[in-house]
Amino acid sequence: QVQLAESGGGLVQPGGSLRLSCAASGNIFRINAMGWYRQAPGKERELVAAITSSESTNYADSVKGRFTISRDNAKNTVYLQMDSLEPEDTAVYYCKVELQTTWFVSMQYWGQGTQVTVSS
């Protein structure tokens with residue numbers, strides 16, 4: 001069994017910064033891709049940023065130059081540094097982790113979500 005623990009959301013003014021964290025624990029053989037998604041009210045969940053095991057990154061056009069994804073493999077943790085936040089960034093943010101519990105078994109896990117609200 002694997003658990004994901006997210007933290008770091010909250011209320012911030014436009015132009016401010018937040019850092020999200022997502023730590024995986026449990027029966028983990030190897031972690032492959034890690035990523036952050038978000039879902040605003042009335043909208044579909046969308047990819048924000050992703051990072052592979054070789055630390056290749058991918059960002060949504062709307063966050064390029066403002067958000068930075070990184071990972072700490074020793075801690076099984078993925079981070080999302082969010083700078084120059086805009087009201088349009090308001091959403092529930094979810095981490096997703098693709099991992100192997102054994103050499104042959106791959107699974108995807110989602111975090112519980114953390115609210116990010118950008119408002120003055």
Side-chain angles (χ1 to χ4, degrees):
Q1 191 172 358
V2 174
Q3 297 82 37
L4 299 183
E6 293 185 27
S7 62
L11 173 63
V12 64
Q13 292 186 344
S17 297
L18 284 174
R19 188 190 194 210
L20 306 182
S21 299
C22 174
S25 61
N27 182 25
I28 299 171
F29 173 70
R30 181 166 65 189
I31 295 179
N32 297 315
M34 308 178 86
W36 289 95
Y37 290 71
R38 67 186 180 187
Q39 187 167 19
K43 294 188 177 181
E44 294 186 354
R45 190 174 297 188
E46 62 176 358
L47 174 68
V48 176
I51 184 168
T52 68
S53 57
S54 59
E55 305 204 10
S56 175
T57 58
N58 180 43
Y59 295 93
D61 288 342
S62 59
V63 307
K64 283 180 181 177
R66 300 189 298 120
F67 290 10
T68 303
I69 189 170
S70 60
R71 61 191 284 170
D72 184 335
N73 292 325
K75 297 181 179 180
N76 290 339
T77 299
V78 61
Y79 304 98
L80 186 67
Q81 177 67 40
M82 304 185 293
D83 299 318
S84 301
L85 281 160
E86 303 169 352
E88 292 74 24
D89 296 316
T90 296
V92 178
Y93 284 69
Y94 299 89
C95 67
K96 187 177 86 168
V97 176
E98 299 175 3
L99 58 83
Q100 294 169 248
T101 55
T102 71
W103 185 260
F104 304 103
V105 179
S106 296
M107 301 185 73
Q108 296 182 0
Y109 291 88
W110 289 89
Q112 78 279 10
T114 186
Q115 177 70 46
V116 172
T117 302
V118 184
S119 175
S120 56

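Excluded from the calculations below are hydrogen atoms, water molecules and symmetry mates; all remaining heavy atoms, backbone and side chain alike, are included. These numbers come from a predicted model, not from an experiment.
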Quiz item: Of all heavy-atom pairs between Thr77 and Met34, which one has the smallest distance, and what is that distance?
Solution: C-CE, 3.9 Å

Quiz item: Nearest heavy-atom pair of Cys95 and Leu4: which atoms, and what distance?
Solution: SG-CD1, 3.9 Å

Quiz prompt | Under-4.0 Å salt bridge between Arg71 and Glu55 | solution = no

Self-check item: Non-hydrogen side-chain atoms of Gln81 and Leu18 separated by less than 4.5 Å
Solution: no

Quiz prompt | Closest contact, heavy atoms only, Ala60 versus Leu47 | solution = CB-O, 3.4 Å

Quiz item: Between Tyr109 and Lys96, is a side-chain contact (heavy atoms from CB on, under 4.5 Å) present by the stated rule, with each step listed?
Solution: CA-CA 6 Å; Tyr109 291 88; Lys96 187 177 86 168; over 6 Å; no

Quiz item: Taking atom types as modelled, is there a side-chain donor on Ser56 or Ser54 under 3.5 Å from an acceptor on the other?
Solution: no

Exercise. State, to 0.1 Å, how close Val116 and Gly9 come at their nearest heavy-atom pair, and which atoms those are.
Key: CG2-CA, 4.2 Å

Quiz item: Would you say Asp72 and Tyr79 make side-chain contact, with heavy atoms under 4.5 Å?
Solution: yes

Practice problem: Compute whether any side-chain donor of one residue and acceptor of the other, for Glu86 and Ser84, lie under 3.5 angstrom apart. | Solution: no

Practice problem: Please answer whether the main-chain N or O of Gly65 pairs with a side-chain N or O of Tyr59 as donor and acceptor at a distance below 3.5 Å. | Solution: no

Quiz prompt | Rounded distance (nearest 0.5 Å) linking atom OG of Ser25 with atom CG of Asn76 | solution = 8.5 Å

Practice problem: Without swapping roles, check the side chain of Thr57 against the backbone of Ile51 for a donor-acceptor pair under 3.5 Å. | Solution: no

Quiz prompt | Any donor-acceptor N/O pair, Gln100 side chain to Phe104 backbone, under 3.5 Å | solution = no

Practice problem: Give a yes/no verdict on a cation-pi contact between Arg45 and Tyr94, requiring under 6.0 Å between NZ or CZ and the six-membered ring centre and an angle within 45° of the axis. | Solution: yes

Self-check item: Chi angles and distances behind the side-chain contact (heavy atoms from CB on, under 4.5 Å) call for Thr114, Val92
Solution: CA-CA 5 Å; Thr114 186; Val92 178; 6.0 Å; no

Self-check item: CZ on Arg19 to OG1 on Thr68, rounded to 0.5 Å
Solution: 10.5 Å

Exercise. Please report the closest heavy-atom contact between Pro14 and Ser120, naming both atoms and the distance.
Key: CD-N, 3.7 Å

Quiz item: Would Thr101 and Asn27 count as having a side-chain donor-acceptor pair, cut-off 3.5 Å?
Solution: no

Quiz item: Nearest heavy-atom pair of Ser62 and Arg38: which atoms, and what distance?
Solution: OG-NH2, 3.3 Å

Quiz item: Would the Phe67 and Trp36 ring centres measure less than 6.0 Å apart?
Solution: no

Self-check item: 4.5 Å side-chain heavy-atom contact, Tyr93 and Tyr37
Solution: no

Quiz item: Can Thr52 and Asn32 be said to form a side-chain contact (heavy atoms from CB on, under 4.5 Å), step by step?
Solution: CA-CA 6 Å; Thr52 68; Asn32 297 315; over 6 Å; no

Exercise. Determine whether Val2 and Leu99 make a side-chain contact, defined as any pair of heavy atoms from C-beta on separated by less than 4.5 Å.
Key: yes

Quiz prompt | Main-chain N/O of Cys22 paired to Glu6 side chain as donor or acceptor, under 3.5 Å | solution = no

Quiz item: Are Ile28 and Val97 connected in a single hydrophobic cluster, I mean Ile/Leu/Val/Met/Phe/Trp/Tyr linked by side-chain heavy atoms less than 4.5 Å apart?
Solution: yes

